[in-house]
2 protein chains.
Amino acid sequence: MKTDEMGALPLANYTINDVAKQAGVSKATVSRYLNGHFERMSETTKARLKTVIADMHYVPNHNASALKSKRTHQIGVVVGDLANGYAPYLVKGIAAITQPLGVQILVAEGKTVAQERDVLLNLLSQNVDGIILQPRSPHAFDYQFLQDANVPVMLVDRLIAPLVFACVTSNDRQATNILAQAVLEKGYQQVLVIANPLAEASVRQERFDAWQNVGQKMNVPVTLLEVDDDEVDDLQTWLTRVHDQKAVIFAANGNLLLATLKWLQHHHITIPETVGLCGYDDWHFGGLAAPALTVVNQDLHQIGETVAKQLMTLIAGDDITICRTEIPADIHMRQSV
Amino acid sequence: MKTDEMGALPLANYTINDVAKQAGVSKATVSRYLNGHFERMSETTKARLKTVIADMHYVPNHNASALKSKRTHQIGVVVGDLANGYAPYLVKGIAAITQPLGVQILVAEGKTVAQERDVLLNLLSQNVDGIILQPRSPHAFDYQFLQDANVPVMLVDRLIAPLVFACVTSNDRQATNILAQAVLEKGYQQVLVIANPLAEASVRQERFDAWQNVGQKMNVPVTLLEVDDDEVDDLQTWLTRVHDQKAVIFAANGNLLLATLKWLQHHHITIPETVGLCGYDDWHFGGLAAPALTVVNQDLHQIGETVAKQLMTLIAGDDITICRTEIPADIHMRQSV
DNA sequence: GTGAAAGCGCTAACAC
DNA sequence: GTGTTAGCGCTTTCAC
C-alpha cells in the first residue's frame, strides 16, 4: 500500500490490515476499536487508532463485515408507489429513526404482487437486516417466503390475514367514524364512497364499514363505487341518480380524492353546493383547494417513526407482540362539505 | 445441510457449495452459471443447475459476491429533503431505470452540508456502485472526497463549480424566461422573486437572472426577496410598497410557492386581482388551487430516468462528457396571473 | 467444459 | 489488553 506524504489522500482501498500495520497492532484490535469494544483496551491504543484511522481516511468495508457478522445495517422499505403522496412522508419518518443509527434504507416499489415479490427476494439476497412493507396482498400466504427467510418484517398501512407480522397503521375505523358523523350531521341524504377494490386491503374495508355504520345509524344510504385505476368517470351515474338530494362523496384515499376533485372541477360541478366532498390524505394541500377540503389526515411521519422503531427492536433481537399499532389521524373540517 | 422432501423450503442459508454438491459440479461452475458465463458450459449442466437452484430456492449472498467482485448493485441517492415534492418523482424516475436492472437504491437525506457528507461517507463505505446527488453545496471542493473515492457520481437539480461531475437539471433559464415573458405581457408593473439564498445554488440564480433580463427588456423592476426557511412574512413590506401597481410574485420553488399561496390566502389577498402569483413546481396540484396556478413544471420523472441512465453508463465503465443535460420543463399558464 | 485453490476484508473465538 | 487464526460465501485465474 502506498504511503502518502501529500496531504489529503484518497479515501481508498485501505484495509484493516493497513491500519493495523500503521498503528503497530493486530487487526483484531482494530476491529475491536471499530466496533466499539473498548472494554479492556488501553487508552493509548485507543488514542493511537483514532489518529491513525483519521490520518489514513480509512473507511471500513461494509461488505466484508456484513459477510462475517451477518449484519448489513441496511433495511428494505417496499411501498406500492413511490410517487404516491404516502411514500415520501413515510420514508422520511423512517429515515428520522434509522439515519442517526447509521442504518441505510433501500427503497423499492412493488406495483404488483409479482413485482413486490421480486423486489423482496432481491432485498433478501442483499441480506437486509429487516424489511418494512406496505403489502400489496392481504393474504399471509403470499408472504410465506418472508417468514421462512426468518428476517424481521414490519407491515405498514395495510394488514395481512392472519396477522403474522406486526403492523402500524392509522386509526382508520375510528377516524373515519368521526369524520362520517360530523359530515352527516350537516344533513346529507346520500353518500358515495369511492375506493379501490375493498378486498385488496382491509383498511379500505374499515373506512367503508365506518361509513356504513354511521349511515345506518343516521338513516342515510351509503353507496360504494369501487374503481381500479383512479378513473372516477362512473360517478356520473350516481350523481344523476341523486341529483335532487343533498349528497356527499368520500374518497377513500389521497389519489382518489384528487381524481375526484379534478373530475368535479372539470365538469363544473360546484362543491359543496351541488355535491359535498371529503376524503383521506390531502398531503398538505387540501387547504389550498377551492374549496378547502374536509379530510382525514394520517400522521405519516409518526407512522414511519413508529414502524422503524419497532423494526429496530426486532432487529435487536427483542420480541414485540404481533399486533396492530394505530397512530391517531387528524381530522380537518373545512369548506368542502 | 438438510435435505427437503416437503415442498416449499426455507429460502435459507444454502450456499453455493450446497448447490454445487447437490448438482454434482464444482462451485466454480455454479458461479459461472449465476453470472451468466455460459460461453462453454454444456447444455446439460446448465439445465441441471437451473432445476437444482430452483428446487433449493437458493439465493446467492450479495455481500459475498460484492466483497469479491467489487460490485454491489446498489446506488446511493442523496436528496436535500425526502418529503419535498421534488424527491418522490425523482426517485421514481430513477427506480424506473434501476429496478429492472436489479440495482437497488439507497436513499438518504442530506439536510445540511455536514449531514450530507456523513451520509455520503456512509454510502461509500457500503461500496455503492455509484451515487446520484442533489448537492447542498455549490462548491466542488466540498466534494473532493467523492472525487478521491473514485466512484461514479451524477448530480441532479443543482450544479457545482467547477463542474467536476455530470449533471441533469431542467432548462431553468429558458423555461423561466418564457414564463416571465408571458407573465409580463399581461401588463405587470412590479415583480417580486421569492427564492432561497441564491448563492447556495446556481439554478436559483438562473431563475432570478431570467426575470431580471426579461424585466429589463420590458422595463419592469424586479425585486428579490431571499428567505431562508419558507417563511414569507417579509413580502408584506413589498406588497405595501407596490400596492398601487399591478404586481406579480414569482416563487422560485414549489415549497415557496405553497408557502406564498398559503400566506396570501391567510391574509385574504386576492389572486390575481390584488397580486399575481406564479412559480416553479406545483407537483400536480397547482391546477386545483384557487385560482389555478401558473407555473413551470419540471419533468422530474424524466430527470430521474436520465440521471439514472447516465449513472449506469458511468458504472459500466464508459465515459460520458462532464456536462449539464437539460430536460425541458412544461409551462402551464393558468389563472393566477 | 470443468475443477482446485487462493483470496476479497472483515469478525470472533480462543489463546496468551 | 492484545494477537493468532479460522473462516463468512463468493469470484476468478490457472490447470487439466
Side-chain angles (χ1 to χ4, degrees), chain A residues 1 11-50 52-53 56-74 102 124-129 149, chain B residues 1 11-50 52-53 56-74 102 124-129 149:
Chain A
M1 290 288 139
L11 203 176
N13 301 336
Y14 282 120
T15 76
I16 200 171
N17 267 314
D18 301 322
V19 176
K21 223 166 288 168
Q22 190 75 21
V25 297
S26 77
K27 56 187 202 165
T29 302
V30 181
S31 175
R32 286 191 195 102
Y33 176 86
L34 293 173
N35 294 291
H37 299 154
F38 303 131
E39 297 87 48
R40 31 195 190 182
M41 184 178 300
S42 73
E43 284 301 323
T44 38
T45 44
K46 201 163 137 185
R48 172 131 188 74
L49 281 172
K50 188 176 156 145
V52 169
I53 286 173
M56 300 178 80
H57 290 206
Y58 165 69
V59 178
N61 179 327
H62 250 80
N63 284 121
S65 92
L67 176 58
K68 186 76 210 181
S69 69
K70 267 95 175 89
R71 284 279 251 119
T72 52
H73 300 278
Q74 298 184 340
L124 288 180
S125 80
Q126 314 259 354
N127 302 305
V128 290
D129 292 338
Chain B
M1 291 285 141
L11 204 174
N13 301 334
Y14 282 120
T15 76
I16 201 171
N17 267 312
D18 300 323
V19 176
K21 224 166 288 169
Q22 190 75 21
V25 297
S26 77
K27 56 186 201 165
T29 303
V30 181
S31 175
R32 285 189 196 105
Y33 176 85
L34 293 173
N35 294 291
H37 300 153
F38 303 130
E39 296 89 47
R40 31 195 189 181
M41 185 178 301
S42 72
E43 284 302 321
T44 38
T45 44
K46 200 164 139 186
R48 171 131 188 74
L49 281 171
K50 187 174 157 150
V52 169
I53 286 171
M56 298 178 80
H57 290 205
Y58 164 70
V59 178
N61 179 327
H62 251 80
N63 285 120
S65 88
L67 175 58
K68 189 73 211 184
S69 70
K70 268 97 175 86
R71 283 281 251 118
T72 52
H73 300 278
Q74 298 184 339
L124 288 180
S125 80
Q126 314 260 355
N127 302 305
V128 289
D129 292 338

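Every chain is numbered from 1 and lettered A, B, ... according to where its sequence line falls, protein lines coming before strand lines.
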Spacing of A/Asn35 atom CG and A/Ser69 atom OG [to the nearest 0.5 Å]: 7.5 Å

Are A/Thr45 and D/dT2 close enough that a side-chain N or O sits under 4.0 Å from OP1 or OP2? yes

Is B/Ser26 near enough to C/dT2 that one of its side-chain N or O atoms lies under 4.0 angstrom from OP1 or OP2? no

Below the 4.0 Å mark, does D/dT2 have OP1 or OP2 next to a side-chain nitrogen or oxygen of A/Ser42? yes

Is there a side-chain contact between B/Tyr58 and the phosphate of D/dC10, meaning an N or O under 4.0 Å from OP1 or OP2? yes

Between C/dT11 and A/Ser31, is there an OP1 or OP2 to side-chain N/O distance shorter than 4.0 Å? yes

Of the candidate nucleotides D/dT4, D/dG9, C/dT11, which contains the atom at the shortest distance from the side chain of A/Lys68? C/dT11

To the nearest angstrom, the CD1-P distance between B/Ile53 and D/dC10 comes to 10 Å

B/Ser69 has its side chain closest, among D/dT11, D/dA6, D/dC8, to D/dT11

Could you state the atom-to-atom distance from CG of B/Leu34 to C1' of D/dT12 in whole Å? 14 Å

Working to the nearest 0.5 Å, report the span between CZ of B/Arg32 and NZ of B/Lys46. 14.5 Å

Should B/Thr29 be listed as having a side-chain N or O under 4.0 Å from OP1 or OP2 of C/dT2? no

Any base atoms under 4.0 Å from B/Val25, or only sugar-phosphate, or nothing? Heavy atoms, all strands. sugar-phosphate

Under 4.0 Å, counting only non-hydrogen atoms across every strand here, what does A/Asn35 touch: a base, just sugar-phosphate, or nothing? sugar-phosphate

What's the closest nucleotide to the side chain of A/Ile16 if the choices are D/dG9, C/dT11, D/dT4? C/dT11

Do you know the tightest heavy-atom contact between B/Thr29 and B/Met41? O-CE, 3.9 Å

For B/Asn61 and C/dG9, what is the distance between atoms CG and C1' respectively, to the nearest whole Å? 14 Å

In whole angstrom, what separates A/Asn63's CG from D/dG9's C1'? 12 Å

Quick one: which of C/dT11, C/dG9, D/dT11 gets closest to the side chain of A/Ala64? C/dG9

Both B/Arg32 and A/Lys27 contact DNA chain C. Which one's nearest nucleotide lies toward the 5' end? B/Arg32

When the distance from OH of A/Tyr14 to C1' of C/dC10 is rounded to whole Å, what number comes out? 19 Å

Please state how far atom CG in A/Leu49 lies from atom P in D/dG1, giving the value in whole angstrom units. 15 Å

I'd like to know if the side chain of B/Ser125 and the backbone of A/Val59 have a donor-acceptor N/O pair within less than 3.5 Å. no

Would you say the side-chain atoms of B/Gln126 and A/Gln74 include a donor-acceptor pair closer than 3.5 Å? yes

Pick the nucleotide of DNA chain D nearest each of B/Arg40 and A/Lys46; which residue has the one closer to the 5' end? A/Lys46

Between P of D/dG9 and CE of B/Met56, the distance in whole Å: 13 Å

Starting at CE of A/Met41 and ending at P of C/dT11, how long is that distance when rounded to a whole Å? 12 Å

At their closest point, which heavy atom of A/Arg48 faces which heavy atom of A/Ala23, and how far apart are they? NE-O, 3.3 Å

Between B/Thr44 and A/His62, the residue closer to the 5' end of DNA chain C by nearest nucleotide is B/Thr44

